[in-house]
A.B. asks: 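Below is the structure I would like to discuss, written out as structure tokens.
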There are 2 protein chains.
Amino acid sequence: MPCGEREVNPVSETFPKHSESARPTMIDVAKRAGVGLGTVSRVVNGGAGVRDETASRVRAAIDELGFQRNEVARALRPGKKSSSLALVLGDLTNPFYATIAKSSLEVAGQDGFAVVLGSVDEDPEGERRAIQELIGRQVAGLMIVPDQGDHSFLASAGIPVVFVDRPAHGIEADIVMVDNEGGGKLATDHLLQQGHVRIAILLAPSYYTTGRRLRGYRRACRAAGIEVDESLVVQLPEGTAEAAEKATRELMHRPDPPTALFASTNFLTEGVLRALREVDAEPAVVGFDDFRLADMLPTPVTVVASDIAELGRIAARLLLDRAAKTDTRPPQRIVLPCQLIQRGSGERPA
Amino acid sequence: MPCGEREVNPVSETFPKHSESARPTMIDVAKRAGVGLGTVSRVVNGGAGVRDETASRVRAAIDELGFQRNEVARALRPGKKSSSLALVLGDLTNPFYATIAKSSLEVAGQDGFAVVLGSVDEDPEGERRAIQELIGRQVAGLMIVPDQGDHSFLASAGIPVVFVDRPAHGIEADIVMVDNEGGGKLATDHLLQQGHVRIAILLAPSYYTTGRRLRGYRRACRAAGIEVDESLVVQLPEGTAEAAEKATRELMHRPDPPTALFASTNFLTEGVLRALREVDAEPAVVGFDDFRLADMLPTPVTVVASDIAELGRIAARLLLDRAAKTDTRPPQRIVLPCQLIQRGSGERPA
DNA sequence: CTCCTGGACGGTAACGTTTCCAAAGTTTAC
DNA sequence: GTAAACTTTGGAAACGTTACCGTCCAGGAG
């Protein structure tokens, strides 16, 4: 029960409200310091070619007036892009995306860049619109965790693009991702080693990553000389925990349930574990992507993990270098390794 | 062990790279459509006062050229702020912040606003710098989860500000928060009802919210006629799970350990639970703020929760209305209720 | 003493949009 | 048939910055 209704009160203290007073411009500073506009600009941009005495007079004026450069006007000049990057990704509530956002934000911030988050619907058309919006804001570069669909419209945007976690079709651009196929193989190999033969794999719909992880799974099975039972390859209608829970329940109620499950995303892993609570059998479980509290669950969860924060950092760094034209190499494809973290759930024998 | 070193390969496909070709401007559109510049602007902005026939000719030209309005130039005009909001908050890896980011992003997106995330260091000076940066980008409004310290410098920013989760000093602005004191009382009351008398409370350092939650705790104790043992009020040096874990371990190894713990943030709850794994005693635990998998832990975790997504939505809505001058009420103080979610850990008897 | 060189500085155009004003065209009213 | 009112349109100014081009002054070389 609620501990109170929503309250709405005017705040009582009487502090200055935000004033509409115009903020000072370089012209104001110039007048105040008794110098020309160009000189102020030079001081603000590093002060090369300005006498120390003049420069400090200008700086004094800046402090007195509380002047701050108008980034919008600055970005209007041709060639000058705004000092911000755009980041387009899915549900921030997913720790995977949140981690990318956080780490790329850090790197961008170090270079004085802000990060603009476009709101992302799930449909490709929404993504496209969001991206166009962002481009209109003259960002210096785009980091995109792309949805499926054609992204060739990005080629005409005139700004560098880095794809994160998955490649996109129709454009040649940098891509930073994890070794999905290797990770899928790693997880499956591990389960095979425990003697499992009937290993189910749960897949979120139509992501690129999904296909690669499945490929790793198949490769591991083939290498072990095991033929894949296609009824154990479960394509979910949604990438949610709920969908995985339902599918797992169905799997485990079959006459010939799998003895092990490979959940190909963190949310799917959660769903699998939820379903298994209500089931007598204790199949082995390996998840893809680590998640908070994985080690605290009744049976600590074995996962295949990679350094997601690094994913974001590399992407941001690469994009900044592209934007600054420091990096003029051909488009790169950077693949981060995965590693297996054994915690218990994946070590149950067949 | 890693399933492979980091690979770096040039991408092989040969798609168009991003071209540096200048994007078309309204002037190009005007020429193409054989109309004046002003007419194009009118069409782009809704088309009021333009003949249908002319408007469609302009729209045709826009489509042909792939014109997209330059938001930067637009924002340069006086009075016109850019159609973006700034969001300043802490660690996105904390689901609490991530949820706020997600929900405010959604609301802003509905109104065609982008959200700029300032990178936030933990120190107040870093926060101030980040905010100044954002203001320089001419955002239409600021949403801030404020650090302690004086925020009066915001009064001269000339844009509306909404504080989220905690108020700030030195400025009269809207604030959207949860009923921390009520939640603290709710949690403590619940533990008292189970017969607990020695209830420890763990507090993250110096947050505003911390103080209110403690106040609710004290109020509940006083109402129950119990004198608070001040050695059970634990001020942590850091708001991390690790700090809470260490403190809990120390608490439980005392000769007179508490029979219940109230962890005042989600990370602290995690730390508490980690420590309790290695302890024989099974004290009751209530956490503040719900978290993913709370119901999946060996003992499902009882929490006091509020609708964090709603927090973000309300803040964004309010800010948008302020920015549009649709809402000219005096600064509001909106307080969302908390509710108790009983899952087991909080129902252990004394 | 004059000329030249170079650093310091001031002024102005330009970026792409919105807004305002005036001109042109069209309808309505008398 | 003419004047008035209104609608549609074109053009120019302005937003705040940067980049470029001159000008000015000091100092060194001839």
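We name chains A, B, ... by the order of the sequence lines, and we start the count at 1 in each one. All values below were derived from every heavy atom in this structure, side-chain atoms included, with hydrogens, water molecules and symmetry-related copies excluded.
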A.B. asks: Among dA8(C), dT17(C), dT17(D), which nucleotide has an atom closest to any side-chain atom of Thr25(A)?
C.D. replies: dT17(D)

A.B. asks: Output the rounded distance in Å from CD1 (Ile27(A)) to C1' (dG10(C)).
C.D. replies: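 Answer to the nearest Å: 13 Å.
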
A.B. asks: Once you round it to whole Å, what is the distance between P of dC15(D) and CG of Asn70(B)?
C.D. replies: 18 Å

A.B. asks: Taking it one step at a time, do Val115(A) and Ser84(A) satisfy side chain to side chain contact (heavy atoms under 4.5 Å, CB included)?
C.D. replies: CA-CA 5 Å; Val115(A) 173; Ser84(A) 31; over 6 Å; no

A.B. asks: How close or far is atom P of dG16(D) from atom CZ of Arg23(A), stated in whole angstroms?
C.D. replies: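 My rounded result for the distance is 10 Å.
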
A.B. asks: Without decimals, in angstroms, what is the distance between Arg51(B) CZ and dA24(C) P?
C.D. replies: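 Rounded to whole Å, this separation is 16 Å.
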
A.B. asks: One thing to verify: whether Asp147(B) and Arg128(B) come together as a salt bridge, which I'm taking to mean a side-chain N less than 4.0 angstrom from a carboxylate O.
C.D. replies: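 A salt bridge is absent here (no side-chain N lies under 4.0 Å from a carboxylate O).
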
A.B. asks: By nearest heavy atom, map Thr54(B) and Met26(A) onto DNA chain D; which one lands nearer the 5' end?
C.D. replies: Thr54(B)

A.B. asks: For Ala73(B) and Val35(B), take the nucleotide of DNA chain D holding the closest heavy atom to each; which residue's nucleotide lies nearer the 5' end?
C.D. replies: Val35(B)

A.B. asks: Can you tell me how far C1' of dG16(C) sits from CD of Gln68(B), to the nearest Å?
C.D. replies: 13 Å

A.B. asks: dT17(C), dC15(D), dC20(C): which one has an atom nearest the side-chain heavy atoms of Arg42(B)?
C.D. replies: dC20(C)

A.B. asks: Figure out the CD1/P separation between Ile62(B) and dT17(C), and round it to whole Å.
C.D. replies: 10 Å

A.B. asks: Describe the nucleic acid contact of Arg69(B) in one word from base, sugar-phosphate, nothing, applying a heavy-atom distance below 4.0 Å.
C.D. replies: sugar-phosphate

A.B. asks: What is the nucleic acid contact for Gly34(B), judged by heavy atoms within less than 4.0 Å: base, sugar-phosphate only, or nothing?
C.D. replies: sugar-phosphate

A.B. asks: Rounding to an integer number of Å, can you tell me how far Asp28(A) CG sits from dG16(D) C1'?
C.D. replies: 10 Å

A.B. asks: For Lys31(A) and dG16(D), give me the distance from atom NZ to atom C1', rounded to whole Å.
C.D. replies: 13 Å

A.B. asks: Got a salt bridge between Arg129(A) and Glu127(A), using NZ or NE/NH1/NH2 to carboxylate O under 4.0 Å?
C.D. replies: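 Salt bridge: no.
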
A.B. asks: Name the nucleic acid region contacted by Ser41(B), choosing base, sugar-phosphate or nothing; use a 4.0 angstrom heavy-atom cut-off, strictly under.
C.D. replies: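 Since a base atom lies under 4.0 Å of Ser41(B), the category is base.
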
A.B. asks: Salt bridge or not for Asp63(B) and Arg59(B), using N-O below 4.0 Å?
C.D. replies: no

A.B. asks: State whether Asp28(A) and Arg23(A) are salt-bridged, where the test is any N-O pair (Lys NZ or Arg NE/NH1/NH2 against Asp/Glu carboxylate O) under 4.0 Å.
C.D. replies: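 Salt bridge absent between Asp28(A) and Arg23(A).
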
